[in-house]
Structure formats: C-alpha cells, structure tokens
Q: 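Sharing a structure here in structure tokens format.
Please read all numbers here as calculations on a predicted model, not as lab measurements. Letters A, B, ... mirror the listed sequences (proteins, then strands); counts begin at 1.
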Number of protein chains: 4
Amino acid sequence: MAKTPIKQRKEPKQARSKATVNAILEAAAHILVKDGYGAFNTNHVAQKAGVSIGSLYQYFPNKESLIAALSLSHVTQIRDSLSDIEFSPDMKLETFVQLVVKNHIKLHRINPKLHHILTKEVSAYGALNHQQVLSDEIQEKLYWMMKYHTETAKLKNPQLILFMIMNSVEAITHTAMSSKMEYLDSPLFEAELVRLVLGFLSEAERDPTNTEPFIPPENPVTKNSK
Amino acid sequence: MAKTPIKQRKEPKQARSKATVNAILEAAAHILVKDGYGAFNTNHVAQKAGVSIGSLYQYFPNKESLIAALSLSHVTQIRDSLSDIEFSPDMKLETFVQLVVKNHIKLHRINPKLHHILTKEVSAYGALNHQQVLSDEIQEKLYWMMKYHTETAKLKNPQLILFMIMNSVEAITHTAMSSKMEYLDSPLFEAELVRLVLGFLSEAERDPTNTEPFIPPENPVTKNSK
Amino acid sequence: MAKTPIKQRKEPKQARSKATVNAILEAAAHILVKDGYGAFNTNHVAQKAGVSIGSLYQYFPNKESLIAALSLSHVTQIRDSLSDIEFSPDMKLETFVQLVVKNHIKLHRINPKLHHILTKEVSAYGALNHQQVLSDEIQEKLYWMMKYHTETAKLKNPQLILFMIMNSVEAITHTAMSSKMEYLDSPLFEAELVRLVLGFLSEAERDPTNTEPFIPPENPVTKNSK
Amino acid sequence: MAKTPIKQRKEPKQARSKATVNAILEAAAHILVKDGYGAFNTNHVAQKAGVSIGSLYQYFPNKESLIAALSLSHVTQIRDSLSDIEFSPDMKLETFVQLVVKNHIKLHRINPKLHHILTKEVSAYGALNHQQVLSDEIQEKLYWMMKYHTETAKLKNPQLILFMIMNSVEAITHTAMSSKMEYLDSPLFEAELVRLVLGFLSEAERDPTNTEPFIPPENPVTKNSK
DNA sequence: GATGAATGAGAGTTCATTCAT
DNA sequence: CATGAATGAACTCTCATTCAT
C-alpha cells in the first residue's frame with residue numbers, strides 16, 4: 001500500500017527539463033480530466049506529453065508520484081490565486097465570512113473537474129489532501145477571528161461548530177460545482193451561504209464559564225501550517 | 001462506459017448457490033472495506049469467498065455487476081433500517097427536521113466504510129447512486145412539508161435552500177462518519193445539525209408575491225418515488 | 001488433438017432419450033448456423049435445447065462427439081434425400097452425368113449453411129468428411145459406368161480425370177451455394193455443368209494399349225463402401 | 001464481428017523491433033501450419049517467437065490482427081512471385097489459359113498449408129480474402145482477353161462461364177495441393193486442366209444477337225482493380 | 001540524458017467437464 | 001436418470017516499470 005517514494009526523483013534544473021516536466025504534468029491533467037483515472041496510465045501520459053516513457057520515469061519515480069505532483073501543482077495554483085485575498089483580524093465577522101465564502105467559490109472554479117478527481121476519485125493514490133490543507137489555513141484564521149471577537153469566543157463547542165461550518169461550505173460549493181454550475185455565478189448563492197454560516201454562529205449557545213480565549217487543547221488545525 | 005449487463009446473470013435457485021452468492025458478496029464487501037477498490041479484483045474476491053472464479057462469473061457477468069449488487073444490497077439494508085421511521089405531513093417543522101437528521105445519522109452507521117467507498121471511490125463503476133435516491137425521497141418529503149407549512153412555503157428560492165440544506169446535512173454527517181466517529185454518538189452533534197437547518201430556514205427571505213404553494217415546475221424530486 | 005471417443009456414449013433406447021438427443025442436435029445445428037462455430041459451446045447448446053448440461057454429457061461424451069453426431073445426422077439426411085435416385089449401369093453416359101450433377105445440386109440444398117460450416121470451418125473438429133464419403137459413392141459408380149462404356153474405359157488417366165471432374169462439380173456447386181444462390185435454380189447452370197464434364201470426357205485422350213477394363217490398382221474408392 | 005483495429009498498432013522503427021515483429025509472424029505461421037488454428041493462441045505465439053507477450057501486443061493490438069498481418073504477408077509473397085508473369089491481350093487464348101493455369105499452380109506452391117488454413121479455416125477471423133482478390137485480377141484479364149477474341153466474345157453467358165472456370169481451376173488446384181501433391185508436379189495435370197478450360201470454352205453456346213463485346217452490366221470483376 | 005523496445009505479473013473472462021444432490 | 005452448481009485451466013489483453021542503446 002504505502003510504497004516508498006512520493007516526491008520527485010530529481011529537481012529539474014535546466015530549462016529543458018522544466019519544460020519536459022511541465023508537458024508531462026499538463027498531459028497528465030488533461031487525461032485525468034478528459035478520460036478519468038481509469039484511462040490514466042503512464043505510457044498514455046508520456047505519449048500525450050510527446051515524451052518518451054523513459055523520460056517520464058526520469059522525473060517521476062512511479063505513477064503515484066505523478067498524481068502527487070499534479071496535486072501539489074494544483075494546490076499551488078489555488079494558493080497563488082488566493083494570495084491576493086487579505087484576512088485581517090480586525091474586520092467584522094460578517095465581512096470575514098463573506099471572504100471565506102468568496103474564497104471557497106473562487107478556488108472551486110480552478111480546474112474544477114481536476115479538483116473533483118483529485119479530491120474524490122484518487123484521494124487514496126498519493127494525492128495530498130490539499131482540501132484539508134487549505135481548509136486548515138482558513139480554519140486557523142477563523143480561530144484567530146474568534147479570538148478577537150470575544151462575544152463569539154465564548155461558544156460552547158467551537159470545534160464542532162467549526163467542523164460543521166467548514167463542511168457545509170465545502171460540500172455546498174463542491175456539489176454546486178459538480179452539478180449546479182449555474183449556482184456558482186449567482187450572487188444569491190453566495191449570500192445564502194453567508195447567511196447559513198452567520199445564522200448558525202449568531203444563535204450558537206454561549207458558555208459563560210468559558211473565559212479561555214480559544215487556544216484549542218491539542219490543536220489539529222495548526223499542525224499543517226507554518 | 002455503459003456496458004450492457006449490470007444485473008446478476010442467474011438467480012440462484014438451490015440453497016447451495018444462494019450460499020455461494022452470499023459468500024461472494026460478503027467477500028467483496030470485506031475486501032472493499034479492508035483494502036479499497038485498488039485491491040478489489042475478481043480472483044481475489046472468489047478466493048476470499050472460498051469459491052472458484054467460475055462460480056463467481058456464474059452469478060455476476062462482470063466485475064461491475066459485483067459492485068452494483070453490493071450497492072443494491074447496501075441500499076436495501078439502509079431502506080429496511082429506515083422503514084420504521086414515519087413521516088407525517090402534519091407534524092411540526094422542527095420535529096420533521098429532527099427526523100431527517102436522525103435518519104441521516106442512522107443510515108450513516110450502516111457499514112460506514114463500505115458506504116464511503118461505494119459513494120465516493122467507485123461511484124462511477126456501476127454503483128447505484130443510492131445517496132441520491134435516498135436524498136430524493138427525503139427532499140420530496142421536505143417539499144411536502146413546505147406545502148403544509150404555509151409560512152415556509154413562501155420562501156423566495158426554495159430550490160436553492162433545499163439544495164443547501166441537503167448538502168450540509170449529508171456532508172457533515174458523512175465527514176463525521178469518516179473522521180469524527182465520536183460525533184455521531186453525541187446528542188449535541190444532532191442538536192446542532194438541527195439548529196443549523198432550522199436557523200437557516202427561519203431566517204430565510206420570504207417572497208410576499210409568491211402564493212403558489214410549492215409545486216416544483218419540473219419536479220426532479222418525485223421522479224424516483226411512487 | 002485426437003481425443004479418444006467420438007461415438008456416442010449411449011444409444012438412446014427410450015423415447016424420451018431420443019427426444020433429448022434430437023433437441024440437443026437441433027439446438028447445436030441452430031447455433032452453428034446462426035452464430036458460427038465461435039459461439040458454439042456446450043452450455044449454450046444445452047440451454048438452447050432446454051436440457052441440462054449434465055444431460056448433454058449423458059449422451060455426448062464431449063464437444064467433438066456433438067459435432068460428429070451432427071455431421072452424421074446431416075449426412076444421413078442427405079443420403080435419405082438421395083435414396084430415390086437410381087443409378088443403373090446401362091444408362092447413357094450423358095444421362096448418368098446429368099444424374100450426378102442433379103444429385104450434387106440437390107444435396108447442396110439441404111441445410112447449406114450447416115453444410116458449409118461442417119465441411120469448411122470445423123472439418124478438423126471431429127466432423128466426418130462426409131463430402132468425401134458421398135463423393136466416393138458417386139466416384140465408384142462412375143467407375144462402374146466406365147466399365148460398361150468400353151470406349152470410355154480406355155482413358156489414358158482415369159484417376160486424374162475423375163479427380164478433376166469430381167472437384168469441379170463439387171467446387172462449382174459449393175461456391176454457387178455460398179455466394180450465387182440464384183444459380184442453383186437455373187437450368188442453364190445445370191446444363192453447363194453437364195457440358196463441362198462431358199466435354200472434358202469426350203475429348204480425353206485414349207490409350208489403345210489399355211485393354212484392362214478399369215479395375216483400379218489400389219482402389220481408394222471402394223474402401224469406404226461395401 | 002467487425003472490431004475496429006485490424007492493422008498493426010505500431011510500425012517498428014528500430015532494427016530490433018523489426019526482428020521482433022518478424023519472429024512473431026514466423027512463430028505465428030509456424031504454429032498455424034503445424035498445429036492449426038485450435039492451438040493458435042497469443043501466449044503460445046509469443047513463447048515460440050522467444051518474445052514476451054507484452055511485445056506481441058506492442059505490435060499487434062489483438063489476435064485477429066496477427067492473422068490479418070499473416071494474410072497480408074502471405075498475399076504479398078504471392079503477388080511478388082507472380083509479378084514476373086506478363087499477360088498481353090494479343091496472345092492466343094490457349095496461351096493465355098496456359099498462363100492462368102500455370103499461375104494458379106505456382107501460387108499454390110507458396111506455403112500451401114498456410115494458404116489452406118488462411119483461406120479455409122480462419123477466413124472469418126480478419127484474413128483478407130486474398131484468394132478472391134487474386135482471382136479478381138485474373139478474371140478481369142480473362143474478360144479483357146474475351147474482348148479481343150471476338151469469336152469468344154459472343155458467348156451466351158460469359159459471367160456463368162467465368163464463374164465455372166475460375167472455380168474449377170481453383171478447386172482442382174487447391175485439392176491437389178491438399179491431398180495429391182504429386183499431381184502438382186505432373187505436366188499431364190497442367191495439360192488436362194488447360195484442356196478442361198479450353199474444351200468448355202470452345203463448345204460454349206454463342207449468342208449471334210450478342211454483338212456487344214463484353215462490358216459486363218454490373219461488373220463485379222473490376223471493382224477491386226484499378 | 002533521452003529513447004522506446006521489452007518485460008511479465010496479473011487482471012478479467014470463458015467454457016469444457018465433473019459430480020453431489 | 002436429470003439437474004445445475006461448481007470447477008479451474010486456459011486465454012486475451014493491460015500497464016507499470018526496466019534497461020540496452
């Protein structure tokens with residue numbers, strides 16, 4: 001199950017190598033999107049990339065690593081596309097939730113088919129669970145937000161609430177992408193998503209005895225982020 | 001993609017053959033759950049079932065049909081387990097939502113690992129999209145509820161709201177099952193899920209001009225139910 | 001290649017057995033004609049015959065014997081259909097040739113598709129070479145004819161001439177059956193076939209020194225006929 | 001029945017691969033000739049060729065294509081061997097018929113067992129019907145001959161006569177090859193074959209009203225030739 | 001480095017045949 | 001005798017991976 005090497009065999013230093021790697025990754029993404037994981041085999045990828053199968057194995061020690069690299073590249077694309085969005089701790093909670101929702105919708109527009117396959121179909125085959133990684137960042141920020149919004153901070157069960165919010169937003173956006181693309185463009189969709197989150201948060205039960213400002217005991221959220 | 005025969009090749013008539021089919025299905029489920037779809041191959045299944053490969057193909061014309069049979073059997077189990085739950089149109093909306101949520105949690109307890117693989121990993125390979133089928137039934141009932149609760153009936157965008165509720169409940173329950181099993185037993189979890197739905201519904205925008213009591217235009221919801 | 005038993009395992013003595021054997025043979029013929037030898041397998045035959053596979057093996061020890069029985073049955077049918085044709089040694093040569101040709105055309109009308117498959121496609125698989133058997137009978141009679149027509153008897157190379165005549169008549173009729181069915185009904189076709197044979201015979205070179213009245217040295221012709 | 005790809009999957013570029021393809025084809029021919037189509041399976045062929053099964057499938061997409069390639073190669077051999085024979089319209093009819101007969105005998109000497117299997121046993125499995133193709137060429141030339149030999153041109157039923165001649169020559173030669181190899185070398189055999197054809201042609205019925213010099217109505221003969 | 005020919009374990013599937021019921 | 005469940009050798013074909021050139 002757990003083969004050994006997942007990372008790339010060799011860092012391409014020359015321009016030509018970089019071009020080869022790119023061609024391979026693009027071909028891989030193309031095949032995955034067009035024909036699904038069932039048609040995804042290394043020979044096919046190499047051929048589509050216009051590269052010999054030997055060259056493919058020069059840069060990727062095995063099939064799994066190809067998927068991993070593809071995932072990484074996809075995640076990187078997403079991160080880059082989100083880099084211009086600035087969270088700041090002193091914004092209003094509503095504004096922040098709006099940003100989170102907007103983000104989620106935005107990142108689901110980036111190669112959605114590939115995103116779907118990478119997260120659902122081949123999640124076992126060496127794909128980094130980038131969905132988790134990204135959520136973690138946002139979750140972390142949501143925690144920070146809560147820290148600064150004291151009235152929110154005293155929620156009775158912040159972990160559970162976070163869990164529910166993240167999953168709702170993710171699932172709703174993801175399903176919309178898969179089967180209701182028209183929703184993604186509708187401002188109403190976005191507004192309702194925000195309303196769902198805020199409604200849930202605003203009526204959440206408080207715990208007056210809870211004065212501790214939300215440093216989670218064994219915080220799983222920060223473990224993946226710098 | 002869509003081969004022809006998905007159903008079983010032959011109905012077992014003698015007791016012996018029934019046992020064989022059962023052994024095969026059990027072995028198939030076991031392998032799927034334990035090792036995932038990657039290790040799921042017909043020879044392996046036959047061997048685990050203590051049955052010759054020929055016998056397997058006597059009852060299942062191909063690999064896909066095995067998955068399909070497994071799905072059907074799983075769905076049947078779920079339906080049977082839900083049969084005792086009675087929806088009635090004149091119950092309170094809150095009660096109804098509680099029932100929906102309880103249902104969802106309950107059905108996610110039935111062989112959750114298999115459920116996960118069947119719905120996510122191999123959904124393409126001939127598995128009935130039973131999640132959808134089940135959801136449809138519940139969605140239909142939610143529609144009926146809305147018909148009788150007039151103040152709810154005047155929601156501005158019932159389709160969208162339904163979409164969001166269904167996806168939230170499903171995703172939250174599903175993810176809890178996959179990675180937060182402890183949530184499933186917690187009454188707080190259930191309560192919060194109900195609160196999420198009710199909060200969202202109660203604050204939903206009304207459309208005063210909308211007097212039509214929710215007969216969906218081209219109702220995709222009823223197409224699967226009697 | 002040459003398995004052991006070709007004949008049937010057991011002679012059906014009771015009426016029911018006979019019916020079973022018939023059903024099997026009919027199903028076999030039907031499948032062979034409709035789908036070719038590629039689709040001809042014992043389970044399929046048994047099913048089509050409405051008989052269990054076990055019963056099939058009660059009467060036919062293996063697949064080959066089925067083909068053999070089919071061949072025999074086909075040959076028998078042909079023989080029966082030819083039984084009314086009477087050769088007599090004192091008829092004119094021309095009349096005799098006309099009879100031979102008529103015969104050949106007639107026997108090629110009996111289940112031609114089966115005939116074709118049995119003689120060409122599966123000739124190796126235990127099918128009696130009934131074509132040869134039948135030809136032999138006719139060849140023998142042609143020999144007898146020659147005995148009584150002294151001027152013909154002195155042919156220089158009767159064996160070769162016989163060979164050529166038999167093959168021409170057979171091939172022309174067989175091909176007509178396969179691809180020019182309309183020829184089989186045309187009287188011109190028959191007439192021309194007769195003319196081909198007679199023309200060839202009448203201009204054949206004589207051997208004045210040959211006074212021996214046609215007892216072939218090592219007569220391969222009589223070995224199969226009593 | 002009619003799958004898609006019959007031709008080779010990949011053209012061998014390097015010397016090594018050409019050798020592989022050759023080894024495979026030779027092994028295939030060898031097995032076919034020695035053990036018949038029943039023993040012809042891809043693993044066996046690969047093994048006999050001293051090549052891995054994977055290599056076989058690198059060059060031949062399926063079993064059928066192997067047969068097809070074998071047929072093509074056989075036909076090519078035959079064509080090459082016949083290329084030195086020149087037909088000319090102004091030769092005597094007798095000379096021409098002698099040439100046709102000589103041709104037929106000659107081409108039946110080229111790997112006769114393979115020829116037999118390819119034309120009879122596996123004709124359905126993707127083998128080009130090269131026998132037909134070749135005959136067509138000769139038939140076309142016979143037609144041309146008739147055009148220039150006016151007294152012959154006025155035959156009452158040239159199509160039928162052609163049909164009979166071609167089938168006689170083919171069948172006699174083919175059967176001689178299968179079971180009377182000694183005939184093939186005898187000059188008498190060839191002479192008698194010529195006499196059969198010429199006798200049949202010379203006594204053919206004329207049609208005085210037929211002045212049209214043999215342009216066949218729907219000429220099936222020319223359809224395969226340029 | 002790049003190429004692509006070669007490999008072979010292994011997957012899906014068929015079907016002649018046996019034998020317990 | 002009849003049934004049909006069970007068997008498993010055999011067959012076609014795929015694809016991740018290696019390695020000589």
Q: What's the separation between atom OG1 in D/Thr42 and atom CG in D/Asn62, rounded to the nearest 0.5 Å?
A: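 CG of D/Asn62 is found 10.0 Å from OG1 of D/Thr42.
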Q: E/dT18 C1' sits how many Å from C/Phe60 CZ, rounded?
A: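 After rounding, the gap between these two atoms is 18 Å.
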Q: Take the protein atom CD1 of B/Ile24 and the nucleotide atom P of E/dT13, then report the distance between them rounded to whole Å.
A: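 It works out to 14 Å between those atoms.
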Q: Apply side-chain contact (heavy atoms from CB on, under 4.5 Å) to C/His115 and C/Thr119, showing your working.
A: CA-CA 6 Å; C/His115 189 93; C/Thr119 53; 4.0 Å; yes
Q: What's the CD-P distance between C/Glu64 and E/dC15, to the nearest Å?
A: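 Going from CD in C/Glu64 over to P in E/dC15 covers 17 Å.
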Q: Polar atoms only, N or O, under 3.5 Å: list the protein pairs with nucleotides 8-11 of chain E and their distances.
A:
{"from": "E/dG8", "atom 1": "N7", "to": "D/Gly54", "atom 2": "N", "distance (Å)": "3.4"}

Q: Would you say D/Ile67 and D/Leu32 make side-chain contact, with heavy atoms under 4.5 Å?
A: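 They are in contact (side-chain heavy atoms under 4.5 Å apart), so the answer is yes.
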Q: With sequence neighbours left out, what residues match C/His116 under ring-ring contact (aromatic ring centres under 6.0 Å, His included)?
A: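 Here the qualifying residues are C/His174.
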Q: Name the residue closer to the 5' end of DNA chain F, choosing between A/Ala39 and C/Val51 according to the nucleotide with the nearest heavy atom.
A: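 Upstream on the strand: C/Val51.
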Q: With a cut-off of less than 4.0 Å, is there a side-chain N or O of B/Ser17 near OP1 or OP2 of F/dG4?
A: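 No.
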Q: Got a second to check how far C/Ser73's OG is from C/Leu114's CG, nearest 0.5 Å?
A: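 CG of C/Leu114 is found 8.0 Å from OG of C/Ser73.
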Q: Separation of D/Gln47 atom CD from E/dT7 atom C1', in whole Å?
A: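 Between C1' of E/dT7 and CD of D/Gln47: 15 Å.
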Q: B/His44 or D/Leu56: which one's nearest nucleotide on DNA chain E is closer to the 5' end?
A: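 This one resolves to D/Leu56.
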Q: Run the numbers on D/Phe60 and D/Val45 for side-chain contact (heavy atoms from CB on, under 4.5 Å), then give the verdict.
A: CA-CA 12 Å; D/Phe60 302 94; D/Val45 170; over 6 Å; no
Q: Between F/dT17, F/dA6, F/dA2, which nucleotide has the shortest distance from any of its atoms to the side chain of A/Tyr57?
A: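 For A/Tyr57, the side-chain atoms sit closest to F/dT17.
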Q: State which of F/dA2, E/dA6, F/dT7 makes the closest approach to the side chain of D/Tyr59.
A: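 Minimum distance to the D/Tyr59 side chain belongs to E/dA6.
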Q: Could you work out how much the helix from E/dA2-F/dT21 to E/dT21-F/dA2 bends, comparing the axis of its first five pairs with that of its last five, to 10°?
A: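 One end axis against the other gives 10°.
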Q: What is the distance from CD of B/Gln58 to P of E/dT18, rounded to the nearest Å?
A: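 Interatomic distance, CD of B/Gln58 to P of E/dT18: 16 Å.
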